[in-house]
Protein chains: 4
Amino acid sequence: MPRAVREQQMLDAAVRTFGQRGYRAASMDEIADLAGVSKPLVYLYLNSKEDLFTACIRREAQALTAAVRAGAHPGLPADRQLWEGLRAFFTHTAQNPDGWAVLHLQARTHGEPFAAEVRTMRAEIVAFVTQLILVAAREAHRDPSPAEREVAGLAEALVGAAESLAAWANATPGVSAKQAAATMMNFAWAGLGNLMEGRSWAAPKS
Amino acid sequence: MPRAVREQQMLDAAVRTFGQRGYRAASMDEIADLAGVSKPLVYLYLNSKEDLFTACIRREAQALTAAVRAGAHPGLPADRQLWEGLRAFFTHTAQNPDGWAVLHLQARTHGEPFAAEVRTMRAEIVAFVTQLILVAAREAHRDPSPAEREVAGLAEALVGAAESLAAWANATPGVSAKQAAATMMNFAWAGLGNLMEGRSWAAPKS
Amino acid sequence: MPRAVREQQMLDAAVRTFGQRGYRAASMDEIADLAGVSKPLVYLYLNSKEDLFTACIRREAQALTAAVRAGAHPGLPADRQLWEGLRAFFTHTAQNPDGWAVLHLQARTHGEPFAAEVRTMRAEIVAFVTQLILVAAREAHRDPSPAEREVAGLAEALVGAAESLAAWANATPGVSAKQAAATMMNFAWAGLGNLMEGRSWAAPKS
Amino acid sequence: MPRAVREQQMLDAAVRTFGQRGYRAASMDEIADLAGVSKPLVYLYLNSKEDLFTACIRREAQALTAAVRAGAHPGLPADRQLWEGLRAFFTHTAQNPDGWAVLHLQARTHGEPFAAEVRTMRAEIVAFVTQLILVAAREAHRDPSPAEREVAGLAEALVGAAESLAAWANATPGVSAKQAAATMMNFAWAGLGNLMEGRSWAAPKS
DNA sequence: GATGAATGAGCTTTCATTCAT
DNA sequence: TATGAATGAAAGCTCATTCAT
C-alpha cells in the first residue's frame with residue numbers, strides 16, 4: 001500500500017483518538033491499532049507522538065480554513081461573505097467533530113509546540129474577519145476607518161462567539177449550521193453596524 | 001500546621017500546576033513539591049488526582065461566579081448589570097490566569113467527570129445572562145418577548161465571545177479589563193438592541 | 001482505660017484483620033480503626049507490625065493448645081484422650097475462625113519470624129499426640145515399642161488430617177465438631193491399632 | 001527469543017518468587033529480574049500481577065494432578081492405585097517445592113480469585129480419592145455402600161494427611177517419597193479397611 | 001495516656017520509543 | 001515495506017512508621 005495512503009489512514013486514526021481521548025491520554029498503541037498497522041510503522045512515517053499530533057493539527061487547520069475561504073467568495077458584499085463564511089464554518093465543525101475537538105480543545109490545552117500551531121490558524125481566520133470588517137467600513141464610507149485595536153478586539157469576539165456557538169450547536173439537537181449562522185449574524189452584524197456609523201455604547205464613568 | 005490551611009496551599013499549587021501543564025501532564029510529585037509537602041499528605045487530604053482536580057475546578061468555578069455576581073447588582077438596569085458583570089469577569093480572569101486556564105481549557109478537555117463540573121458553572125452564567133436579556137426585553141417593552149431558543153443562542157454567543165476576549169486580553173499587553181468589557185458591550189449591545197426592537201438580519205435564501 | 005484491656009482490644013482487632021486479609025494486606029490503619037484507637041497508640045503498645053503479628057500468633061497458639069490440653073485429661077485411656085482432644089480442637093477452631101486462619105494459613109505463609117512461632121506450637125501438639133500413641137502402645141503391651149520416626153510420621157499425618165477436617169467442617173454446613181472428631185477417630189484409630197499390633201500394609205516391591 | 005519460551009521462563013521465576021516470598025511480598029521487579037527480562041515485558045505477556053499468579057497456580061495445579069493421575073493406573077486394584085498415587089504425589093511435591101508452596105500455602109492464603117483456583121484442583125483430587133474408596137468398598141463386597149458424607153470426610157482427611165506429610169517429608173532430611181507414602185498407607189488403609197467391614201470406633205456418650 | 005500531622009520508601013502499572021529482522 | 005520483541009523512565013498510589021504536643 002502506497003505511503004501517502006497509509007499516512008492518511010494513520011492521521012485519520014490519530015485525529016479520532018486525539019480528539020476523543022486528548023493528547024496525553026491517547027496512546028500510540030491505540031492509534032496504531034485503529035489505523036490497522038504496527039507501531040514501528042507509525043514511527044517510521046511520522047517520527048514521534050509530537051510530530052504526529054502536529055501533523056493532525058496542521059491537516060485539520062488547513063481543512064477548516066479552506067472550507068471557510070471556499071464559502072466566502074471575494075466578489076460578494078461584506079455581510080454576505082461573513083454569512084457564507086459562518087455557514088461553512090458551522091457546517092465543517094459539525095461534520096468533523098473530532099478534528100474540531102483537536103483544534104479547539106486539545107491543541108490549545110497541551111502547551112507550546114501545539115498551541116502555536118493553532119494560534120497561526122486562528123490568526124488567519126481573525127485576519128480574514130478583520131479584513132471583512134474593514135471592507136464593510138469602506139462600503140459604508142466610514143471615515144476615518146476604525147482604530148486597529150478596536151477592530152482586532154471585535155474580530156476576536158466574533159470568532160470566539162462562533163466557536164462557542166459551534167459547540168452549542170453540536171450539543172443541542174435540532175440546531176442546524178444555518179440556524180447557528182443566523183444567530184451569529186443577528187448577534188454580530190448590528191454591533192458591527194453601529195461601529196460603521198461611529199456609534200458606541202457609552203461606558204459609565206464609575 | 002492545621003489541615004484547612006494546608007489544603008488551601010495544596011489547592012493553590014494544584015491550580016497552578018494543572019493550569020500550566022494540563023491534567024495529565026501535571027504530576028502529583030510536582031504539585032506536592034510546589035505546595036511544600038510530601039505526596040502522601042496530598043493523598044491523605046485530597047484522596048486522588050481526580051478528586052484533587054475536581055476540588056480545583058469547584059473552587060475556581062465558585063470564585064469566578066461569585067466575582068461576576070458580586071459585580072452585577074440586581075437593582076441596576078440591565079445594560080449596566082451586564083457591563084459590571086463583564087468588568088468583574090475580565091478582572092477576575094486577568095488576576096487568576098491559572099484558575100481561568102483550569103476552567104476554560106483543562107477542565108473541558110479532559111473528559112467526563114470534569115467537563116460536567118464546568119458545564120454546571122457555565123450553565124449558571126449563561127442562565128444569568130439569559131435572564132439579563134429577558135429583563136432588557138421587558139425594559140424595552142418588547143412584545144411578544146423573544147423566542148427562548150433565540151435568547152439561549154445569543155447568551156451562548158455572548159458568553160463565548162467574552163471567554164474568547166478574556167484569553168485575548170490576557171495575551172495582548174496593554175488591554176485592560178475595562179477595555180475588554182467596553183469592546184464586548186460595543187459588540188453585543190447593539191445586536192441585543194436590535195433584538196429588542198424585533199429587527200433581525202435577513203438571511204439570503206439559498 | 002488500663003493498658004492490659006486496650007492491648008487485648010488491639011489484639012482482637014489485629015487477629016480479625018490478619019485472619020481475613022492476610023499479613024501483608026492488613027494495614028495498621030485498619031487495625032487501629034477497628035480497635036478504636038489511634039495508630040501511634042498501637043505502636044506505643046505493640047512496637048511494630050511484626051511484633052503485633054507475633055503477639056497475635058502467640059496468643060492464638062496458646063489458646064488453642066490450652067483448649068486441646070484441657071479436653072484431654074491425663075488420667076483417661078489413650079483413645080479417650082485422643083477423642084476428647086480432637087473434639088476440643090474442632091470446637092475451638094470452629095469458634096475462632098480468624099484465630100485459626102492466623103495460625104493455619106497466615107503465620108505459615110509469611111516467612112521466617114512467624115513460621116517458627118507456629119512450628120513451635122505444632123511441635124507441641126505433635127509431641128502430645130506422639131506421647132499418646134506411645135501410651136497406647138504400652139497399654140497394648142506392644143513390644144518392642146514402635147520406631148520413633150514411624151510414630152512421628154503418623155502423628156504428623158494425624159495432625160494434618162485433623163487440620164484439613166477442621167477447614168472442611170467449617171466450610172461444610174451441618175458438620176459439627178463432634179462429627180468431625182468421629183470421622184477422625186474412625187480414620188485414624190484403626191490405623192494406629194494396626195501399628196499397635198505390629199501389622200502394617202505391605203508395600204509392593206518396585 | 002520466541003514468546004512461548006519467554007513466558008515459561010517468566011512463570012518459572014514467578015513460581016519461585018511467589019513460593020518463597022508470598023503473593024504480596026513478591027515484587028514484579030524481583031520476578032522480572034529473576035526471569036532475566038524487563039518488567040514491561042512481564043506485563044505485556046501476562047497482564048497483571050493477579051493474572052500472573054493465577055497462571056502460576058493453574059500451571060502447577062495441572063502439573064500436580066497430571067503427575068498423580070499418571071501414577072495411578074485405572075486397571076490396578078484400589079489399594080495399589082492409592083499407593084501409586086501417593087508415591088507420585090510425594091515425589092512431585094518433593095521435586096517442586098516452590099510449586100507446592102504456591103498451591104498449598106500461597107494460593108489458599110491470599111483470598112478469592114486464587115483460593116477458588118486451588119479449590120477446583122483439590123476437589124478433583126478429593127473426587128479421585130473418593131472414587132477410589134468406593135471402588136475399594138465394592139471390591140470388598142461391602143453392602144450397603146458407605147454413606148456419602150462419611151466417605152467425603154474420610155477423603156478430606158486422607159488428602160489433608162498427605163498434604164501435611166508432604167511438608168513434613170520436605171522438611172525432614174532423610175525421608176523419601178516412598179517412605180512417606182508407606183506411612184500414609186499404614187495410617188490410612190487400616191482405617192479404610194474397618195470402614196469396608198462396617199466397623200467403627202465407638203464414640204463415648206460424652 | 002493519647003493523637004493529629006507528616007513522610008521515606010516502595011509498589012504496580014503504563015507509555016513512548018527502538019532494535020533486529 | 002513492515003513487524004515481533006524489548007525496555008528506560010516515570011506516574012499514581014499505599015504503607016509502616018515517627019514527631020510534637
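Remember, it's a predicted structure, so these values are computed and weren't measured experimentally. In what follows, chains carry the letters A, B, and so on, assigned in the order in which the sequence lines appear, proteins first and then strands, with residues in each chain numbered from 1.
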Rounding to a whole Å, what distance do you find between [X]:[atom1] and [N]:[atom2]?
{"X": "Q9(A)", "N": "dT1(F)", "atom1": "CD", "atom2": "P", "value": "15 Å"}
{"X": "E30(B)", "N": "dG12(F)", "atom1": "CD", "atom2": "P", "value": "10 Å"}
{"X": "D29(A)", "N": "dT3(F)", "atom1": "CG", "atom2": "P", "value": "14 Å"}
{"X": "M10(A)", "N": "dT3(F)", "atom1": "CE", "atom2": "C1'", "value": "12 Å"}
{"X": "I31(C)", "N": "dC15(F)", "atom1": "CD1", "atom2": "C1'", "value": "12 Å"}
{"X": "E7(D)", "N": "dG4(F)", "atom1": "CD", "atom2": "P", "value": "15 Å"}

Item to complete: Assign each of R3(B) and A25(D) to its nearest nucleotide of DNA chain E by heavy atoms, then name whichever residue's nucleotide is nearer the 5' end.
Response: R3(B)

Response to the item:
DNA chain E nearest-nucleotide lookup for S27(A) and S27(D): closer to the 5′ end is S27(D)

Discussion item. Less than 6.0 angstrom from the centroid, inside 45 degrees of the normal: does R3(A) satisfy that with respect to the ring of Y45(A)?
Written reply: yes

Side chains of [X] and [Y], heavy atoms from C-beta outward: is any pair under 4.5 Å?
{"X": "N47(B)", "Y": "L52(B)", "result": "no"}
{"X": "D51(D)", "Y": "L46(D)", "result": "no"}
{"X": "I31(C)", "Y": "M10(C)", "result": "no"}
{"X": "R59(D)", "Y": "D12(D)", "result": "yes"}
{"X": "F18(C)", "Y": "R24(C)", "result": "no"}
{"X": "R21(C)", "Y": "Q106(C)", "result": "no"}
{"X": "V15(D)", "Y": "D98(D)", "result": "yes"}

Discussion item. Can you list everything that forms a ring-ring contact (aromatic ring centres under 6.0 Å, His included) with F114(A)? Sequence neighbours excluded, please.
Written reply: Y23(A), F53(A)

Fill in: Partners passing ring-ring contact (aromatic ring centres under 6.0 Å, His included) against H92(C) (at least two apart in sequence or in another chain)
none

Worksheet item: Near DNA chain E, under 4.0 Å by heavy atom, which residues of residues 11-19 of chain C?
Response: none

Worksheet item: Contacts to DNA chain E from residues 32-54 of chain D, heavy-atom cutoff under 4.0 Å, which residues?
Response: K39(D), P40(D), Y43(D), S48(D), K49(D)

Response to the item:
Its dot-bracket string being built from Watson-Crick and G-U pairs below 3.5 Å, with | for another strand and [ ] for crossing, DNA chain F has the pattern .||||||||||||||||||||

Under 4.0 Å between a side-chain nitrogen and a carboxylate oxygen: does that hold for [X] and [Y]?
{"X": "R108(D)", "Y": "E163(D)", "value": "yes"}
{"X": "E30(B)", "Y": "K39(B)", "value": "no"}
{"X": "E112(C)", "Y": "R119(C)", "value": "yes"}

Discussion item. Does Q62(D) have more than 12 heavy atoms from other residues, nucleotides or ligands lying within 6.0 Å of its CD?
Written reply: no

Item to complete: Could you check whether A26(D) gets within reach of a base, just the sugar-phosphate, or nothing at all, counting any heavy atom under 4.0 Å?
Response: sugar-phosphate

Fill in: Phosphate-side-chain proximity, R6(B) and dA6(E), N/O vs OP1/OP2 below 4.0 Å
yes

Fill in: Neighbours of DNA chain F within residues 105-118 of chain C, by heavy-atom distance under 4.0 Å
none

